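One structure is given here, and the rest of the page talks about it.
Computation of the quantities below employed the complete heavy-atom set of this structure, encompassing side-chain atoms and omitting hydrogens, waters and symmetry-equivalent molecules. Every chain is numbered from 1 and lettered A, B, ... according to where its sequence line falls, protein lines coming before strand lines. Note that the coordinates shown come from a computational prediction; the quantities given were computed from them, not determined experimentally.
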Amino acid sequence: MMTRRAFIELKGIFITNSLTTTPLSSPQLGLQSTLLASLLHSTSFSNNGDRLLHSTSFSNIGDRPLSRYQKVTSLDHAFNLFDEMIQRRPLPSVVKFNQLLNSVAKMKHFSSSLHLFKQMCLIGVPVNEYSISIAIKCCCQMSRTNDGFALLASCFRRAVVPNVFVFSTLLDGLVLEDRIIEAERLFKKLIKQKLCEPDVVMYSTMIKGLCKFGNNDIAIGLLRLMDERGCEPNVVVYSTIIDSLCKDKLIDDAFNLFKEMVFHKGILPDVITYTSLIHGLCNLGRWGEVYKLLKEMEDVRISPDLQTFNMLVDAFCKDGKVNEAEAVIDIMVERGEAPDIVTYSSLIDGYCLRGEMIKARTLFDSLTFKGLVPNVVTYSSLLNGYCKSLKIEEAMHLFHEITRKGLKPDIVSYSAMLQGLFRVGRCGAARKLFDEMRSQGLIPNECTYRIILAGLCNNHQVEDVLYLFHLVGDSKLNTDIQVYNILIDGMSKCGKLDIARDLFQDLTLKGLKPNVRTYTVMVSGLCREGMLEEAKHLFHRMDESGCPPNSVTYNVLLQGYLKNQNSDDVEMLLEEMDGRRYSVDASTLSMLIEKIAAGSVDRSMLKLIGKLVPKEMMDTTAVPR
DNA sequence: ATAGGGTTAG
């Protein structure tokens, strides 16, 4: 392994500085270096060390060695062993069969495991609640929870009394299939009819289900209830809710629950708890606190694991901070945590996001060399990148490669490809691809639907858009403000402002609330048709509706005024933008300059305009001073 | 002497 010194030298002066000066409080050092420093300092308890410690001394104390039924390494191996077992007389104990069943399930060969279970029943092995819960788990993992319930029935036939393990597995199956109502019903029935007393795992499963459907408050209610009923919540229960709060951007609530767990309950957080919290902070762009929490992990001797690192790489990439993402990967390598396909897929996506397609491609091509196999996610990241940079032939080629490599393009790959085809105006090809997708049994999701609507709009296929929209009717797909935003924008760009207006009226009837984008596209549509008064009126309605205009709305209205020579309004709007600390975008700025040159906007506004130009733009644009 | 729950990528 590379020594730390060599690593630092390799990384160059930048990191050496951050380690030799005082990195943590020094403001001129960027986040990258502080994060790096934080993680580099923690090598004393690196994952390597941890692994060594656990495997050699502590964790094996009291552990029994695995039996050979738990050590199967392949499906073939498992089936051979099973065949040998059923020929022995007397038959091996059910315990040994269960161990085999479980190892096959752990390899995610659920249908094989289930097959073996059925063989056991046929042969007359006296299956018990262990066997049945493994079999039910296999059904549930394959989204066949109903088959799991059928097995429950066979439980009774075999005089096996289903226990809390069996019911928890079924409950989890319902949650996995989004059957939350049935999950709640089952959970209540189990308690009411005293079929089993829920334990901490069953509570956590129910809590996970509630969180999944956005019922954080009810989930917390259940947390309180389990406590009252004498079932102590543990780190899993707390982490489930903390993660859900983080995903809903309720980071303060998440931290409050975290503090309650630690300080009131004395429950220690683990790497998953921290990963969830850090993820939440990353999503809010609160990098300073991300660093603090990483430091805290270090202090409490909890090492970030592969998933923590992958989450960080991904979060940096999503925020355009590719350098930081690369630095995290270097640290992973240095700490013996091998980056996997998830790590690199995120990085490829990060490159694509910045239009760095050469880098993305080079990395993609180097994966095989690293011993990693690209999967559908990897492919669709790169494919999406090509589509976004209008390299449609490259994208198409990659799309076909997915199948050639023995993978199946899924709904996301198809959606990305569709978006690309629409973007270059190849509606016919998009149509063909859509039909192919359907023939593969893939069902369009909300995202696919929005891509198609937007694609048709941008290609002025007004009739097709409206046909599709009405065809979908009042379903869930159309109960989405984003769909309306696309349609309102699309219709007004196609010169159908009347339709756009009607849509804007109708969305409220469906119980939808217009958001900033809805107002902005409507204002933009009105400006396009020169209906400045109505645009202005709508613009003012935004504040009253508790949906204040953002920078984009201001720019849109400003361009409307400029096009229609409303000089006084222009000045007033610029003043307001200054007051709200908004800035002008590149296209508005060039329009302003153009109008000043033409004499339709007074030069006296130059000073104000200068204040509204963001710093980044100063370097690249000729700004009047 | 065997079974169930929480974190990462398009």
(request) Sorted by first residue and then second, give each side chain to side chain donor-acceptor pair (under 3.5 Å) pair with at least one member in residues 113-126 of chain A; sequence neighbours left out. (result) none
(message) Any donor-acceptor pair under 3.5 Å linking the side-chain atoms of A:Asp365 with those of A:Thr362?
(response) no
(request) To the nearest Å, give me how far apart CG (A:Leu383) and C1' (B:dA9) are. (result) 15 Å
(message) So, under a plain 3.5 Å distance rule, would you say the side chain of A:Ser381 forms a donor-acceptor pair with the base of B:dG10?
(response) no
(request) For residues 230-248 of chain A, pull every pair meeting side chain to side chain donor-acceptor pair (under 3.5 Å), keeping only residues two or more places apart or in separate chains. (result) A:Asn216-A:Ser244, A:Asn216-A:Asp248, A:Tyr238-A:Glu260, A:Ser239-A:Thr273, A:Asp243-A:Lys247, A:Asp243-A:Ser276
(request) Return the value, rounded to whole Å, for the distance between atom CG of A:Leu293 and atom C1' of B:dT7. (result) 13 Å
(request) Grab the CG-C1' distance between A:Asn283 and B:dT7 for me, whole Å please. (result) 13 Å
(message) For the residue pair A:Asp172 / A:Thr205, report whether a side-chain donor-acceptor contact shorter than 3.5 Å exists.
(response) no
(request) Whole angstrom is fine here: how far is it from CZ in A:Phe258 over to P in B:dT7? (result) 17 Å
(request) In whole angstrom, give the distance that lies between atom CG of A:Leu294 and atom P of B:dT8. (result) 16 Å
(message) If I take atom OH in residue A:Tyr344 and atom C1' in nucleotide B:dG10, what distance separates them, rounded to the nearest angstrom?
(response) 18 Å
(request) May I ask you to say what A:Ser93 touches in the nucleic acid, namely base, sugar-phosphate or nothing, with a heavy-atom cut-off under 4.0 Å? (result) nothing
(request) Provide, to the nearest angstrom, the distance between the OH atom belonging to A:Tyr379 and the P atom belonging to B:dG10. (result) 18 Å
(request) Starting from P on B:dT7, measure out to CD1 on A:Ile241 and report it in whole angstrom. (result) 13 Å
(request) Look at A:Arg179 together with A:Glu177 and state whether they make a salt bridge at an N to O cut-off of under 4.0 Å. (result) yes
(request) Considering only NZ, NE, NH1 and NH2 on the basic side and carboxylate oxygens on the acidic side, decide whether A:Asp227 and A:Lys265 come within less than 4.0 Å. (result) yes
(request) Assign a letter to each nucleotide of nucleotides 1-6 of chain B from its 5' end: B, base within under 4.0 Å of a protein heavy atom; S, sugar-phosphate only; -, no contact. (result) SBBBBB
